[in-house]
Amino acid sequence: MIIVLTGAPGAGKGTQADLLAQRDGYLKVSTGDALRKHIKSGTPIGKIADGIMAKGQLVPDDVLLKILETELAGTESQVVLLDGYPRNLAQAQELEKTLARYPVAGAIQLDVDRDDLISRISGRIVCAQCQTPYHATMNPPKKSGVCDKCGSTQLVRRPDDAPDKVATRLDVYDKNTKPVLDFYRAKGVCKTIDGARSTEEVYKDLKATIQDLSRSRAQ
Ligand code: AMP
């Protein structure tokens, strides 16, 4: 069963999905993380995605479908938190049709206003090894410059977190991804959570909402 986590870049989807995976045993699948791994390994998919991601635009739908088929394989009995997909209406429809063996219990939007998103992203750093996200002031690693999770000292700014790319990504979200919310709203399974609160407050709310959606789907 899939729970779609959606929200603009910087809304905290990755951080929250990591917390829910660590504390509650949910499985996190992030299409952005999967694409970055392909780029790092220099695969054919990585070569297609690299320039597109660097500009803050969307990678073609057929590439994403291949990635998702691989990432979801064998997860039929688990609750998967899907971070970063669907990013447009066509992807939402594809998930429902081609990937119907992974039913979507609902979508949860983390809502954060644009100014807040920009200030969050401007301080964001990630571990180049394991992708764990941090924020220079709001959520720094325990030891400066060292990843809490894997011990790597490669904490870097993502190339697409540069201010001009962020503006493009926020526009892409408004234009392409917001219609995905209407798609799930029409099915009565779209929830919105105020993502501007502390990490722990958002976590509690998110966990309860995931449990509600999973229960309703299972009934
Ligand atoms: P994220 O880590 O979710 O912010 O994704 C980083 C970038 O990966 C996006 O700006 C897109 O270029 C690409 N990407 C991730 N997921 C998708 C998707 N579902 N469809 C198209 N492009 C995607």
Side-chain angles (χ1 to χ4, degrees), residues 2-18 20-21 28-41 43-72 80-99 102 104 107-110 112 114 116-118 120-135 155-181 183-184 195:
I2 289 177
I3 303 280
V4 169
L5 287 186
T6 182
K13 303 180 298 292
T15 303
Q16 290 293 337
D18 280 340
L20 287 152
K28 171 193 175 185
V29 169
S30 156
T31 49
D33 286 353
L35 284 164
R36 282 183 285 276
K37 277 187 206 143
H38 276 281
I39 293 174
K40 212 172 160 199
S41 316
T43 67
I45 285 185
K47 291 200 173 98
I48 298 172
D50 198 6
I52 302 173
M53 284 172 74
K55 285 190 213 138
Q57 286 162 355
L58 293 185
V59 175
D61 292 345
D62 58 334
V63 174
L64 265 297
L65 182 59
K66 273 190 211 136
I67 287 190
L68 213 52
E69 279 174 333
T70 308
E71 296 286 318
L72 290 177
V80 174
L81 305 180
L82 189 50
D83 166 13
Y85 191 100
R87 281 291 227 276
N88 59 32
L89 207 48
Q91 292 183 4
Q93 287 159 346
E94 199 74 64
L95 187 55
E96 198 173 61
K97 286 191 193 122
T98 315
L99 299 166
Y102 311 102
V104 176
I108 307 176
Q109 179 204 18
L110 287 187
V112 177
R114 196 173 172 113
D116 212 356
L117 291 167
I118 291 171
R120 286 176 179 210
I121 294 178
S122 68
R124 181 154 78 172
I125 39 178
V126 293
C127 173
Q129 290 302 324
C130 73
Q131 315 278 339
T132 299
Y134 298 96
H135 189 279
L155 299 186
V156 297
R157 178 184 232 194
R158 274 169 46 174
D160 58 346
D161 276 351
D164 56 327
K165 310 296 184 316
V166 170
T168 306
R169 288 165 63 211
L170 291 174
D171 291 344
V172 165
Y173 176 77
D174 283 340
K175 185 167 165 254
N176 297 283
T177 312
K178 278 201 173 155
V180 170
L181 297 176
F183 176 86
Y184 290 112

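Counting convention: from 1, in listed order, for ligands and their atoms alike. Quantities reported herein were computed from a predicted structural model and do not represent experimental measurements.
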- request: Report yes if some heavy atom in the side chain of Tyr134 is under 4.5 Å from a heavy atom in the side chain of Leu155; otherwise report no.
  value: yes
message: Quick test of your reading of the model: are Arg114 and Asp171 salt-bridged, counting only N-O distances below 4.0 Å?
response: yes
Set of side chain to side chain donor-acceptor pair (under 3.5 Å) partners for Asp83, sequence neighbours left out: none
query: Do side-chain atoms of Lys28 reach the backbone of Val80 as a donor and acceptor pair under 3.5 angstrom?
result: no
query: So which protein residues pack against ligand 1 under 4.0 Å, heavy atoms counted?
result: Thr31, Gly32, Leu35, Arg36, Met53, Gln57, Leu58, Val59, Leu64, Gly84, Tyr85, Arg87, Gln91, Arg158, Asp160, Arg169
message: Salt bridge check, Lys66 against Asp61: does any charged N sit closer than 4.0 Å to a carboxylate O?
response: no
Salt-bridge present (Asp174, Lys178; N to O < 4.0 Å): yes
